[in-house]
Amino acid sequence: MTKELKARQRGKAHTQEESNKNMGKKILVINDTQYILEMFRLLLEPEGYEVLLSALPMQNMKEVERVKPDLIILDIIFGNQKSGWQMLQLLRMYPPTARIPIIVCSAAVTEVMEQEGFLVSQGIKIVYKPFDVETLFGAIAQTFKMGEASIQNKQQS
């Protein structure tokens, strides 16, 4: 366990106010490595998020629609398959999931960098593994702020 994670668990880098603000927000993490899934759970649950884990990319978007995540953290490489790219495309093409914010979190730096311009233009954040915990939390916070601003703009229109 990293020093940052231990500090967060002791509450040094975590406030009750932050946790309350995140209560009820669901994050679906999709990654083929079990210990990485568990690490996400250990990082995100103390922050107040409801964490849903999947070791396989979902091919049926109705599964994603059913769990109604507020955010998806998606790896793009599963084994030696680029199934995450396919899932990303399916998520964006299926109207009920098309607006769910996504963070691509991957160690496949070359593959992601090749698509970075497109991903960023689509509002998809990128976090490269290995990552600093604060980088992950910053990406999550920015993603939720963008979503809240978008909702406010629609309500004002």
Taking the side chain as every heavy atom from C-beta outward, state whether Ile77 and Lys82 have any atom pair closer than 4.5 Å. yes

Checking Asn31 side chain against Leu37 main chain: does a donor-acceptor pair fall under 3.5 Å? no

Is there a path of hydrophobic side-chain contacts, each under 4.5 Å between heavy atoms of I, L, V, M, F, W or Y residues, that connects Phe137 with Val127? yes

With hydrophobic residues grouped by side-chain heavy-atom distances under 4.5 Å, do Leu71 and Val120 end up in a single group? no

Under 3.5 Å, which donor-acceptor pairs do the side chains of residues 104-119 form with other protein atoms, sequence neighbours left out?
{"from": "Ser106", "atom 1": "OG", "to": "Asp75", "atom 2": "OD1", "distance (Å)": "2.9"}
{"from": "Ser106", "atom 1": "OG", "to": "Ala108", "atom 2": "N", "distance (Å)": "3.0"}
{"from": "Glu116", "atom 1": "OE1", "to": "Tyr128", "atom 2": "OH", "distance (Å)": "3.3"}

Kindly assign one of parallel, tilted or perpendicular to the pair Phe144 and Tyr49, based on the angle between their ring planes and the thresholds 30° and 60°. parallel

Between Ile76 and Met87, is any pair of side-chain heavy atoms under 4.5 Å apart? no

Tell me whether Ile30 is reachable from Ile100 by hopping between hydrophobic residues (I, L, V, M, F, W, Y) whose side-chain heavy atoms are closer than 4.5 Å. yes

So, do Pro101 and Asp70 sit near enough that their side-chain heavy atoms are less than 4.5 Å apart? no

Do Ile27 and Leu52 land in one hydrophobic cluster if side-chain heavy atoms of ILVMFWY residues count as linked below 4.5 Å? no

Identify every side-chain donor-acceptor pair in residues 54-66 under 3.5 Å, counting partners at least two apart or on other chains, and give the distances.
{"from": "Ser54", "atom 1": "OG", "to": "Leu56", "atom 2": "N", "distance (Å)": "3.4"}
{"from": "Ser54", "atom 1": "OG", "to": "Leu56", "atom 2": "O", "distance (Å)": "2.7"}
{"from": "Asn60", "atom 1": "OD1", "to": "Lys62", "atom 2": "N", "distance (Å)": "2.9"}
{"from": "Lys62", "atom 1": "NZ", "to": "Tyr94", "atom 2": "OH", "distance (Å)": "3.4"}
{"from": "Glu65", "atom 1": "OE1", "to": "Tyr94", "atom 2": "OH", "distance (Å)": "2.6"}

Quick check: does any side chain N or O of Lys125 sit under 3.5 Å from a backbone N or O of Thr143, one acting as donor and the other as acceptor? no

Criterion side-chain contact (heavy atoms from CB on, under 4.5 Å) on Ile103 and Leu74, from CA distance to verdict: CA-CA 6 Å; Ile103 295 174; Leu74 175 66; over 6 Å; no

Flag side-chain contact, heavy atom, 4.5 Å: Ile140 against Ile73: yes

What's the verdict on side-chain contact (heavy atoms from CB on, under 4.5 Å) for Met39 and Leu42, showing C-alpha distance, side-chain angles and the deciding distance? CA-CA 5 Å; Met39 179 202 61; Leu42 288 171; 5.6 Å; no

Do Ile124 and Leu88 make a side-chain contact, defined as non-hydrogen atoms from C-beta onward lying under 4.5 Å apart? yes

Enter the distance from Phe40:CZ to Leu28:CG here, rounded to the nearest 0.5 Å. 11.5 Å

Interatomic spacing from CD in Gln86 to CD in Gln81 - rounded to 0.5 Å: 7.5 Å

Atom pair CG (Leu44) and NZ (Lys26), whose distance is rounded to the nearest 0.5 Å: 15.0 Å

When you group the ILVMFWY residues by side-chain heavy-atom contacts below 4.5 Å and let the links chain together, are Phe78 and Leu91 in the same group? yes

